[in-house]
Amino acid sequence: QVHLVESGGGLVQAGGSLRLSCTASGSIFSINDMGWYRQAPGKQRDLVATITDGGTTNYADSVKGRFTISRNNAKKTVTLQMNNLKPEDTAVYYCNAAVRTTAVIYGYSPFWGQGTQVTVSS
């Protein structure tokens, strides 16, 4: 079993900042990509940002220059610093990790956190 636990969501005014954190625990041999996705009401879940185990990052165009993703491989955490938040950033944010659970079998499986609500008021 692999568990991803997110924290840091909340309500903020437009232009404000929030920091989301996610910690992975459980049966983990190694973690490849980690990332954040978001889902607004009535919409599909979209990529926000990802980071490889080597630190290479990828961002959705809508958040470039405002959001920063980082990770601590030793602590199995990924963080999303969100600055200059806009009302359109309002969504449930989900942590994702590609996890290899055993040294015996090669392969990574995706795991998701339970989601944390981010609400940006205008």
Side-chain angles (χ1 to χ4, degrees):
Q1 280 281 41
V2 175
H3 301 281
L4 301 180
V5 178
E6 301 118 333
S7 62
L11 173 65
V12 65
Q13 288 187 333
S17 298
L18 283 174
R19 186 179 181 89
L20 305 183
S21 294
C22 172
T23 301
S25 64
S27 187
I28 298 172
F29 176 74
S30 64
I31 302 176
N32 195 347
D33 291 2
M34 300 186 81
W36 292 92
Y37 293 71
R38 66 188 181 187
Q39 188 167 20
K43 296 188 176 181
Q44 66 181 17
R45 188 174 298 186
D46 291 326
L47 179 148
V48 176
T50 61
I51 184 167
T52 69
D53 55 353
T56 299
T57 59
N58 179 52
Y59 295 93
D61 288 342
S62 60
V63 307
K64 284 181 181 177
R66 300 187 298 122
F67 292 9
T68 302
I69 190 171
S70 60
R71 68 187 279 176
N72 184 315
N73 291 332
K75 295 183 177 180
K76 300 182 181 64
T77 60
V78 61
T79 299
L80 185 69
Q81 177 66 42
M82 305 185 292
N83 298 328
N84 191 22
L85 282 159
K86 303 176 180 181
E88 52 263 43
D89 295 317
T90 295
V92 177
Y93 284 69
Y94 296 91
C95 174
N96 172 271
V99 178
R100 180 178 174 184
T101 57
T102 172
V104 176
I105 301 174
Y106 181 82
Y108 290 86
S109 300
F111 291 88
W112 294 90
Q114 79 285 354
T116 185
Q117 177 70 45
V118 171
T119 303
V120 184
S121 63
S122 57

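Note that this is a predicted model, so its numbers are computed, not measured.
Scored by the side chain to side chain donor-acceptor pair (under 3.5 Å) test, K75 finds no partners at all (sequence neighbours excluded). Shown here are the side chain to side chain donor-acceptor pair (under 3.5 Å) partners of Q114, two or more places apart in sequence or in another chain: E6. For Y37, the ring pair (Phe, Tyr, Trp, His ring centres under 6.0 Å) partners are W112, not counting sequence neighbours. Partners of T77 according to the side chain to side chain donor-acceptor pair (under 3.5 Å) rule, which considers only residues two or more places apart in sequence or in another chain, do not exist here. With sequence neighbours excluded, no residue forms a salt bridge (Lys or Arg N to Asp or Glu O under 4.0 Å) with R100.
Here the closest heavy-atom approach between residue N73 and residue D53 is recorded as ND2-O, 3.1 Å. G9 approaches L20 most closely through the heavy-atom pair N-CD2, 3.5 Å. A pairwise comparison of heavy atoms in A91 and A40 identifies CB-N, 3.8 Å as the closest pair. R71 approaches I31 most closely through the heavy-atom pair NH2-O, 3.5 Å. When all heavy atoms of A98 and Y108 are compared, the pair lying nearest together is O-CD2, 3.4 Å. Closest heavy-atom contact between A14 and S122: CB-CA, 4.4 Å.
Not one N or O on the side chain of R19 forms a donor-acceptor pair closer than 3.5 Å with the backbone of S7. Formation of a donor-acceptor pair under 3.5 Å by the S27 side chain with backbone atoms of V2 is not found in this model.
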side-chain contact (heavy atoms from CB on, under 4.5 Å) between S21 and T79, intermediate numbers included:
CA-CA 4 Å; S21 294; T79 299; 3.8 Å; yes
Are K64 and D61 close enough, and set up right, to give a salt bridge (charged side-chain N to carboxylate O under 4.0 Å, His left out), and what steps lead you there?
CA-CA 5 Å; K64 284 181 181 177; D61 288 342; 3.1 Å; yes
For K76 and S25, what are the C-alpha separation, side-chain angles and deciding distance, and is it a side-chain contact (heavy atoms from CB on, under 4.5 Å)?
CA-CA 8 Å; K76 300 182 181 64; S25 64; over 6 Å; no
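Each of V63, D89, V12, V118 was scored for a side-chain contact (heavy atoms from CB on, under 4.5 Å) with M82, with one residue passing: V118.
For the atom pair CD1 of I69 and CG of N58, the computed distance is 9.0 Å after rounding to the nearest 0.5 Å. Atom CD of Q117 sits about 9.5 Å away from atom CG of L11, to the nearest 0.5 Å. T101 OG1 to F111 CZ: the interatomic distance, rounded to the nearest 0.5 Å, is 6.0 Å. Atom CG in N96 sits 8.5 Å away from atom CG in D33 (nearest 0.5 Å). In this structure, the separation between OG1 on T119 and CD on Q13 is 13.0 Å, given to the nearest 0.5 Å. Separating the CE atom in M34 from the CG atom in L80 is a distance of 12.0 Å, to the nearest 0.5 Å.
Side-chain contact check for Y59 versus T68: some heavy-atom pair is nearer than 4.5 Å. Residues N83 and S17 meet the side-chain proximity criterion, which asks for heavy atoms closer than 4.5 Å. Annotation: side chain of T116 is in contact with side chain of Y93 (closest heavy-atom distance under 4.5 Å).
In terms of hydrophobic clustering, with Ile, Leu, Val, Met, Phe, Trp and Tyr side chains grouped at heavy-atom distances under 4.5 Å, F67 and V92 are assigned to different clusters. In the hydrophobic clustering of this structure, Y94 groups with L47; members are Ile, Leu, Val, Met, Phe, Trp, Tyr whose side-chain heavy atoms approach within less than 4.5 Å, directly or through other members.
Applying the disulfide (SG to SG under 2.5 Å) test to every pair with at least one member in residues 49-122, sequence neighbours left out, gives these pairs: C22-C95.
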